[in-house]
Amino acid sequence: MYVPIPYHIAGGCIYACLLIICILALFYGFRARRNVKKEKITSLSRGFSPLDIQRIFIGKTYPRKLTRALIVHWAQLGYIRVKYVCKYKVKLTCRRIPPVHNDEKAVFFDRGTYVRERDVFLTLFARNGAEITVSINKPLITSAQAKSINEDYAAREDEGVYSAKHYKLKVLTFVLSFTPVFICSVYHCFTNSFTMIIPPFTIIIGMFVLRFLKEGPFFFRLIWSSIWIGAGVALIIMSFHSMFDPLRLGYASVVILFLGSFVLVRFVDYREKNNLAEYSALVNFRKFLLFSGKDKLSAIDYYEVLPYIYAFNIKPLVKRKFATHALPEWFVSENGKRGSLL
């Protein structure tokens, strides 16, 4: 049922949520860019890990997401030898165990990241000469192993990278993204039936499992959450589609839900200015890889920067700029095939 005054109040609140989310994303997105020191960065320090890139960009390290990057990184440091098995599988042989962090031979950029990375390595290889065959499309360690490693440390990984304000802004953005769906439900309950109070809760359950319960398999969580979210979204759209809806509140609330919680929230990124030096270096190095011509990048060792290319997720965009004809000394291929790792 269309009731003009409540309807337009609801519409104003819904579009106000979208406006606030956009302002937050633009303001803090531009703030992060504005505070980035513009300088030419053509290389990273030796020992700089792909996990350091995750730590600096998102505040936490997820080794399960960086299989290819870590394999190449360890091979470049001389820790492992890689043998071609098939297009998506390689055999890893442990050449030597990474030294402990207080050993003078240890090479790293951030001690905390190095210690965690070394534990991941030790989880895979118990001794020199150990061999394992892995798929480069799957995590090197299980989620249970990753959780066990993280439980060994009392300090938060994001300490010194993000402030409490960062997380408050993220939570605020998620709440604002969900609020339009709740407003639609309340309006429909006020003018029609109280049964429409159900959809927001089914959507909350689905979103919570998808975004915050990382223990289960991703595809299972995706399918399970899609059912709950899809049911709630369908009810919202159907209820507003069947009545006079000049402001398209039903569709707008769904768009804001997904746009805000999956896209715009990524730009609401608050770092203290004294934590932006490392962030600036990575942003500028990524720009160098993306926008430099073949004449500049062909002189750089492709395999030296490959771990970072994987961590930045830009390999398809930059690989053609490098000279990649010769195989690295740590890669063994009896038939000359390279596979998808290189």
Side-chain angles (χ1 to χ4, degrees), residues 25-63 65-66 68-79 106-114 117 157-163 166 263 266-331 341-342:
L26 286 171
F27 178 81
Y28 288 103
F30 279 116
R31 177 187 181 274
R33 294 289 181 182
R34 185 174 64 250
N35 289 327
V36 169
K37 183 180 179 181
K38 294 182 180 179
E39 56 183 343
K40 187 175 182 180
I41 303 293
T42 60
S43 64
L44 297 176
S45 304
R46 187 170 185 269
F48 197 98
S49 169
L51 295 183
D52 283 314
I53 293 177
Q54 285 187 333
R55 176 185 60 83
I56 293 168
F57 272 129
I58 61 178
K60 292 184 181 295
T61 58
Y62 294 100
K65 296 184 178 182
L66 289 177
R68 301 185 186 205
L70 286 175
I71 289 174
V72 179
H73 177 63
W74 291 338
Q76 281 292 113
L77 291 174
Y79 297 152
V107 179
F108 57 85
F109 181 80
D110 178 81
R111 185 179 66 179
T113 302
Y114 178 81
E117 184 179 323
E157 273 196 301
D158 51 23
E159 199 170 273
V161 179
Y162 292 118
S163 67
H166 172 85
V263 180
R266 302 173 71 89
F267 297 94
V268 184
D269 186 10
Y270 187 87
R271 289 176 172 85
E272 300 294 345
K273 290 184 178 180
N274 58 350
N275 292 326
L276 285 169
E278 296 173 349
Y279 179 77
S280 298
L282 287 185
V283 169
N284 289 312
F285 182 58
R286 185 174 182 271
K287 284 183 179 179
F288 170 72
L289 295 174
L290 280 172
F291 300 112
S292 294
K294 189 174 182 179
D295 56 329
K296 293 182 179 179
L297 295 184
S298 60
I300 296 177
D301 185 351
Y302 169 66
Y303 303 107
E304 185 177 335
V305 298
L306 183 56
Y308 315 128
I309 290 173
Y310 273 129
F312 289 135
N313 197 27
I314 58 174
K315 184 185 174 185
L317 301 175
V318 302
K319 180 181 177 179
R320 59 183 176 79
K321 301 178 183 180
F322 291 89
T324 59
H325 305 296
L327 292 174
E329 60 86 18
W330 46 260
F331 189 81
L341 178 66
L342 305 182

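Residue numbers count from 1 along this sequence.
Taken to the nearest 0.5 Å, the CG atom of L44 stands 9.5 Å off from the CD atom of E304. In this structure, CG on L26 lies 6.0 Å from CZ on F30, to the nearest 0.5 angstrom. Within the model, atoms OH of Y114 and CG of D52 stand 12.0 Å from one another, a figure rounded to the nearest 0.5 Å. With rounding to the nearest 0.5 Å, the separation of CD1 in I53 from CZ in F109 is 10.5 Å. In this structure, CG on D295 lies 10.0 Å from NZ on K321, to the nearest 0.5 angstrom. The line from NZ of K65 to CG of L51 is 12.5 Å long, rounded to the nearest 0.5 Å.
A donor and an acceptor atom, one from each side chain of R55 and T113, are located under 3.5 Å apart.
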Listed pairs under 3.5 Å, donor-acceptor, residues 283-290 side chains, sequence neighbours left out:
| unit_1 | atom_1 | unit_2 | atom_2 | d |
| --- | --- | --- | --- | --- |
| N284 | ND2 | K37 | O | 2.6 |
| N284 | ND2 | S280 | O | 2.9 |

Using distance only, find each side-chain donor-acceptor pair of residues 305-317 under 3.5 Å and give its atom names and separation, not counting sequence neighbours.
| unit_1 | atom_1 | unit_2 | atom_2 | d |
| --- | --- | --- | --- | --- |
| Y308 | OH | F48 | O | 2.8 |
| Y310 | OH | K315 | NZ | 3.0 |
| Y310 | OH | S340 | O | 3.3 |
| Y310 | OH | L341 | O | 2.4 |
| K315 | NZ | S340 | O | 3.2 |

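Within 6.0 Å of atom OH in Y303, more than 12 heavy atoms from other residues, nucleotides or ligands are found, so the atom counts as buried in its surroundings. Applying the 6.0 Å contact sphere to NZ of K319 captures more than 12 heavy atoms from other residues, nucleotides or ligands.
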Would F322 and K294 count as a side-chain contact (heavy atoms from CB on, under 4.5 Å) if you check the C-alpha gap in whole Å, the side-chain angles of each, and the deciding distance to 0.1 Å? CA-CA 7 Å; F322 291 89; K294 189 174 182 179; over 6 Å; no
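Side-chain N or O atoms of Y79 include none that pairs as donor or acceptor with a backbone N or O of H73 at under 3.5 Å. In this structure, the side chain of Q54 engages the main chain of Y62 through a donor-acceptor pair within 3.5 Å.
In terms of heavy-atom proximity, A323 sits nearest to Y302 at O-CB, 4.0 Å.
Residue pairs satisfying the side chain to side chain donor-acceptor pair (under 3.5 Å) criterion with at least one member in residues 40-51, sequence neighbours excluded, are listed as follows: S49-E117.
Contact check for V318 versus S292: no side-chain heavy atoms found under the 4.5 Å cut-off.
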